[in-house]
Amino acid sequence: GFQLYSNASEESFLDDFVYPKGTVFEASQKYAPVNSKITYVKIDMSRGYLFEETSPEIKESQINFANIDCLPRSKVIQIEEGSNLDLKRPGEKFKEFLVEEVDCPKGKVVEEIDGHFIYKVVVERGILVRRKPEIICSSYKKNELLRKDTVFAAKRKAIVSYEGIGNVEFVQRIQGSAWVRATKAGENLLEQIFDHVEKGPFTYVVVHENGVVVRDSADLNAAPAVPHTILPVRRIFQVSERIKKAEDIVSSSSPTVFLHLVPTPGAGGREGWVFEKRGNITICQDVTEKAIKVGISSAST
């Protein structure tokens, strides 16, 4: 097997963990000090380093800080057969190192999920936007990078399996249908933001003088439900759940609350959606506690 070094220093010691033959690492940072025989290679998403012999062509300090999400110049390194050297210091017998740089294994898509998803970038260095769901792939638009805390909408998830690396998740943005890597070495590069859902029942009353249109989905721009229904002012109605949408949660300090109607005669006998506020204007008011005290039923009008 093979052990990584704890840091990029000639005083570094080997870590305790031993990686078995066939383990594949991804690396995207390399550092070669001036006139050093040692080049330090940082293994992504870990605290470990590999050491390799500095190329004769390198005459001065060389630092290549690549994006944490494999730029095309990143390395894929695989442990191979070799002698069982006890390397206590880097720089000893490079020709007998137990690793080699290899081409990235070919991935196989093992699962795809379509839907509407909201993600936020959580890694400091950001993530490369790519044309395909592949580890080594050309960038989407001149090395477009999503910075930390960037939020975007996606329409598809793809799980791609790589021999020696394992499963890697990619997500496809709605914008431009470009792809973004979501996981690396078992860690998340993105955080999925979910809708905030509260289950009812809740009781509401319409307070806006023009009433409120019942819509067919939880969206301010959703089409009116069919048949067209308007709940008039002072109408009391029951709500089965209320939802704050993920995209609103990350973009607004006061996200819109959507209300899912319980089918009642006052709402046309079927389900639909309304909302508490539009901007700073209150449309419907929560009167659940008051309704419980006076015993208002779900069929109240």
Side-chain angles (χ1 to χ4, degrees), residues 1-105 121-128 130 134-139 143 145-148 162-166 168 181-189:
F2 188 81
Q3 294 165 274
L4 295 176
Y5 289 93
S6 58
N7 54 65
S9 167
E10 292 190 23
E11 303 301 319
S12 177
F13 286 89
L14 292 168
D15 287 340
D16 293 333
F17 188 81
V18 178
Y19 293 89
K21 175 190 174 183
T23 301
V24 177
F25 300 112
E26 292 182 64
S28 56
Q29 295 183 28
K30 180 185 287 190
Y31 169 50
V34 177
N35 299 324
S36 174
K37 295 181 180 179
I38 304 167
T39 294
Y40 305 103
V41 182
K42 177 70 169 64
I43 301 303
D44 289 343
M45 308 303 288
S46 79
R47 297 180 180 177
Y49 288 79
L50 289 173
F51 299 88
E52 63 182 23
E53 188 169 15
T54 299
S55 171
E57 287 77 24
I58 297 178
K59 303 298 183 183
E60 57 185 20
S61 178
Q62 179 185 29
I63 304 178
N64 293 329
F65 287 105
N67 186 272
I68 198 169
D69 172 45
C70 269
L71 292 176
R73 63 174 175 271
S74 298
K75 296 162 67 71
V76 177
I77 302 167
Q78 183 173 29
I79 296 173
E80 62 174 358
E81 293 286 4
S83 59
N84 294 318
L85 293 179
D86 183 18
L87 296 178
K88 294 302 183 183
R89 290 287 185 274
E92 299 177 5
K93 301 180 181 178
F94 283 102
K95 64 181 180 180
E96 298 185 77
F97 262 169
L98 304 179
V99 297
E100 67 171 347
E101 185 174 353
V102 297
D103 292 333
C104 182
V121 178
V122 296
V123 288
E124 290 289 344
R125 294 177 185 150
I127 305 178
L128 183 73
R130 62 195 65 221
E134 298 173 355
I135 288 179
I136 305 298
C137 179
S138 58
S139 59
N143 291 339
L145 196 67
L146 299 183
R147 302 295 181 182
K148 184 181 179 183
Y162 291 88
E163 184 178 358
I165 296 177
V168 177
R181 187 170 179 175
T183 60
K184 188 169 193 176
E187 296 190 35
N188 293 325
L189 308 178

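Predicted, not measured: the structure shown is a model, and the values here were computed from it.
Residues G126 and V121 share a closest heavy-atom pair of CA-CG1, 4.3 Å. Scanning all heavy atoms of the two residues, the minimum distance from N188 to V122 falls at O-CG2, 3.6 Å. Here the closest non-hydrogen pair linking K184 and E26 is CE-OE1, 3.5 Å. Counting all heavy atoms, side chain and backbone alike, I136 lies closest to C104 at CG1-CB, 3.7 Å. The heavy-atom pair separating Y162 from P105 by the smallest distance is CD2-O, 3.1 Å.
Side-chain contact between V41 and F25: absent, with no pair of heavy atoms (C-beta onward) separated by less than 4.5 Å.
R130 places a side-chain N or O within donor-acceptor distance of the main-chain N or O of I135, the cut-off being under 3.5 Å.
We find the CG-OG1 distance between L189 and T183 to be 6.5 Å, quoted to the nearest 0.5 Å.
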